[in-house]
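Values below: every heavy atom of this structure, side chains too, minus hydrogens, waters and symmetry copies. Residue numbers begin at 1 in each chain, while the letters A, B, ... track the order of the sequences.
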There are 2 protein chains.
Amino acid sequence: MPKPQAEQAPGAASLAPLDPGMFDPVCPSTLVPFRVVDKWAPLVLRCLEDGPRRFSELRVPLRGITAKSLTHSLRALEQDGFVVRAEHEGAPRHVEYAMTPLGRGLLGSLDTVCAWTREHWDELLDAREAGLSRADVR
Amino acid sequence: MPKPQAEQAPGAASLAPLDPGMFDPVCPSTLVPFRVVDKWAPLVLRCLEDGPRRFSELRVPLRGITAKSLTHSLRALEQDGFVVRAEHEGAPRHVEYAMTPLGRGLLGSLDTVCAWTREHWDELLDAREAGLSRADVR
DNA sequence: CGGTATCCCGGGTGATACTG
DNA sequence: CAGTATCACCCGGGATACCG
């Protein structure tokens, strides 16, 4: 485990200074990069997979997300270059969000995790059940 | 995007009911499985990569983690079957934590994300910088 | 050594209302 | 339609103190 970096406040996953190459055990954002830690961001990204979507279109599959949270995630994803915002003219207003190549790449790499999860789904469930019953005993 | 499942409180990532195969846009835990959302858990797992470690040994690389948080993460990882706890006898007390095959598998799949991150590090930094300066303008 | 038990704080999240 | 503004709440996480 290389070089535990000194002064990195954990939790400052979003705009923290970043250090290439090195694994910093204190900063989750190096392990699970950037917005992945965010509650909604990965899901928002996923929803943009098949093409650009409008604000209100995004709210449908992400049931329960508030406008505020969606705005927040979109802004964050935009700042990190995973998503682009395009404002088309006309009334009523029309705004579209789309994935960038970078966003697509991130999503792709996340897919391998998803794939692993699906592959080992039964083991995961079993292990958890076992873990829970053991917790009962204690 | 298949079947948005009805009643899944987002945020209940840890012990929520899980649905195999399907992608549930409301539950982050299907995209980023289980403990990955947790702040420390992935890092704890990472620290166990090279072999079993004791409680206090884990606290070294994870600088700044409190005993409470470490305990919490370890318990969670244990419950989900990613880690095993072994209590050896003798005074002073001696407890060791080790990865299970499942844990190793999860970590492995996470590694692909890490690899992607490292590969695209420069792009990530550039994109973010661009995003930030754009944020200034607004 | 390997933890618990408390207290406390900040922010992430939601609910609701309002606006260009 | 695409958001902002405001309030309010919960709880993850840290600090500190204590225990077997």
What residues form a side-chain hydrogen bond (donor to acceptor under 3.5 Å, both in side chains) with [X], not counting sequence neighbours?
| X | result |
| --- | --- |
| B:T112 | A:T112 |
| A:E87 | A:R85, A:R93 |
| B:E123 | B:H120 |
| A:R104 | none |

Can you measure [X] atom [atom1] to [N] atom [atom2] for me and round it to whole angstrom units?
| X | N | atom1 | atom2 | value |
| --- | --- | --- | --- | --- |
| B:W40 | D:dG13 | CH2 | P | 9 Å |
| A:L58 | D:dC1 | CG | P | 14 Å |
| B:L43 | D:dG13 | CG | C1' | 15 Å |
| B:L62 | D:dG14 | CG | C1' | 15 Å |
| A:L70 | C:dA15 | CG | C1' | 16 Å |
| A:E87 | C:dG20 | CD | P | 15 Å |

Exercise. Rounded to the nearest 0.5 Å, what's the gap from CG on A:L106 to CH2 on B:W116? Could you check?
Key: 4.5 Å

Quiz item: Got a sec, which residues hit side chain to side chain contact (heavy atoms under 4.5 Å, CB included) with A:E129, two or more places apart in sequence or on another chain?
Solution: none

Quiz item: What pairs with A:P52 under side chain to side chain contact (heavy atoms under 4.5 Å, CB included), at least two apart in sequence or on another chain?
Solution: A:E96, A:A98

Quiz item: OP1, OP2 of D:dG14 versus side-chain N and O of B:S69: anything below 4.0 Å?
Solution: yes

Quiz item: Under 4.0 Å between a Lys/Arg side-chain N and an Asp/Glu carboxylate O for B:R118 and B:D111?
Solution: no

Self-check item: Degree of bending in the helix from C:dC1-D:dG20 to C:dG20-D:dC1 once both end axes are built from five pairs, to 10°
Solution: 50°

Practice problem: Heavy atoms under 4.0 Å is the rule here; annotate nucleotides 1-7 of chain C 5' to 3' with B where the base is hit, S where only the sugar-phosphate is, and - elsewhere. | Solution: SSSS-BB

